[in-house]
Asks: 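Quick one: structure below, then a few questions.
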There are 2 protein chains.
Amino acid sequence: MTTWLTDEERVAWVRLAAVLELLPGVLDTQLRRDADLSHFEYFVLAMLSEAPERTLRMTSLAARTNATLPRLSHVVRRLEDRGLVRRFPCPQDGRATNAQLTESGWATVEAAAPGHVANVRHQVIDALDAEQVRQLAGITEAILGRIDPDGVVMAPQRN
Amino acid sequence: MTTWLTDEERVAWVRLAAVLELLPGVLDTQLRRDADLSHFEYFVLAMLSEAPERTLRMTSLAARTNATLPRLSHVVRRLEDRGLVRRFPCPQDGRATNAQLTESGWATVEAAAPGHVANVRHQVIDALDAEQVRQLAGITEAILGRIDPDGVVMAPQRN
DNA sequence: GCCTGTTGGTTGAAGCTACAAGTAAGACCG
DNA sequence: CGGTCTTACTTGTAGCTTCAACCAACAGGC
């Protein structure tokens, strides 16, 4: 037996689905235009820029960016070809690879960040009042509790 | 000058970004497994199933599904290859193409819908209380006001 | 030291989306 | 009518993601 959605639930879902469909494109377009990066590439560089030594192991980087390992491997290879990232084997574990932000990569993130933040603010945050921002944090936390039960994304990052 | 995000804003944004990254995959996986459809393909079939005569012009269908025309053209061709949709030139306008759901396509949507709705309910709606569902409708409405100013998605569909 | 299994990562092929270009029909105008 | 513009699609190509192998390095038992 199927429990259908009530009118209120349906409205909320249809709109959320529309946001899911449209927002990534809006974010990608600005970053692609201003920094020649996809949102995911930007996020990879941003995670590296916040890490100690600007270095992370591929597995750890994949966890923080919600990526599969193959996806990350392809993306980092392309970023490496562009000179934004450097890869080298991990001294402690011969299986592991470290990815490190280069000077050029750091400069790229620094240059891209203000525009990206301004875009997020303009498209999302400024559309909401302070109360809604708090509500959004609660709602997304609840949803992530379902779709990311291990808390890979939200967990206090170790390593 | 850049206005950075406050802590509350940053938390809300990071979580929303995570939902944006993870939720589409969760929805796709279930539909792919149970009905061999992507979420977008399912949505195309669903829009057709609700239209009069189960028929829509490509342009109208593209608007309802938030797709570019090239993307829709490719997807409908694949659905046509699978016998779920039929295309024929519009009698009123020689430039236009009508897409119509076949019997097989209708059966496919009917079969897929309950599982999909159950998945949406399980992953999203049931994670929230009634108050949060209302809040989510308001929040997504506000965001769509920014990223979809023409209301293409939300407008009462004409035609 | 081997064997087995696990972990960490890379690679190649397949499929989907976006962008750019092209086609064809309608609309407007003299 | 002829010319030009717009609309409605389709098609081809490039780039990214996914999936399925694959390989190398570690770890534990014997």
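Owing to the predicted nature of the structure, the values given are computational and were not obtained by experimental measurement. We name chains A, B, ... by the order of the sequence lines, and we start the count at 1 in each one.
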Asks: Do Gln132(A) and Leu136(A) have side-chain heavy atoms sitting under 4.5 Å apart?
Replies: no
Asks: Asp93(B) side chain: which of dT6(C), dG26(C), dT10(C) is closest?
Replies: dG26(C)
Asks: What's the CZ-P distance between Arg57(A) and dG8(C), to the nearest Å?
Replies: 6 Å
Asks: Can you tell me how far P of dG12(D) sits from CZ of Arg77(B), to the nearest Å?
Replies: 9 Å
Asks: Between atom CZ in Arg95(A) and atom C1' in dT6(C), what is the gap in whole Å?
Replies: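 Whole-Å distance recorded here is 8 Å.
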Asks: I'd like to know if Glu80(B) pairs up with Arg77(B) as an ion pair, taking the criterion as any Lys NZ or Arg NE/NH1/NH2 lying under 4.0 Å from an Asp or Glu carboxylate oxygen.
Replies: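 No salt bridge links Glu80(B) with Arg77(B).
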Asks: Determine yes or no for a side-chain-to-main-chain donor-acceptor pair under 3.5 angstrom, with Arg86(A) supplying the side chain and Gln100(A) the backbone.
Replies: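 Such a contact is absent between Arg86(A) side chain and Gln100(A) backbone.
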Asks: Consider the side chain of Met58(B), meaning its heavy atoms from C-beta on, and name the nucleotide among dA25(D), dT10(C), dT10(D) that approaches it most closely.
Replies: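 The answer is dT10(D), which lies nearest to the side chain.
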Asks: Ser73(A) near the nucleic acid: base, sugar-phosphate alone, or nothing, with a heavy-atom cut-off under 4.0 Å?
Replies: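 Base contact - Ser73(A) has a heavy atom under 4.0 Å of at least one base atom.
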Asks: Rounded to the nearest 0.5 Å, how far apart are OG of Ser38(B) and CG of Leu27(B)?
Replies: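 Rounded to the nearest 0.5 Å, the OG-CG separation comes to 11.0 Å.
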Asks: In terms of relative ring orientation, are His39(A) and His116(A) parallel, tilted or perpendicular, with 30° and 60° separating the classes?
Replies: tilted
Asks: How would nucleotides 13-23 of chain D be written as a contact map, 5' to 3', with B for base contact, S for sugar-phosphate-only contact and - for no contact, using protein heavy atoms under 4.0 Å?
Replies: ---SBBBB---
Asks: Whole angstrom is fine here: how far is it from CD in Glu80(A) over to P in dT10(C)?
Replies: 9 Å
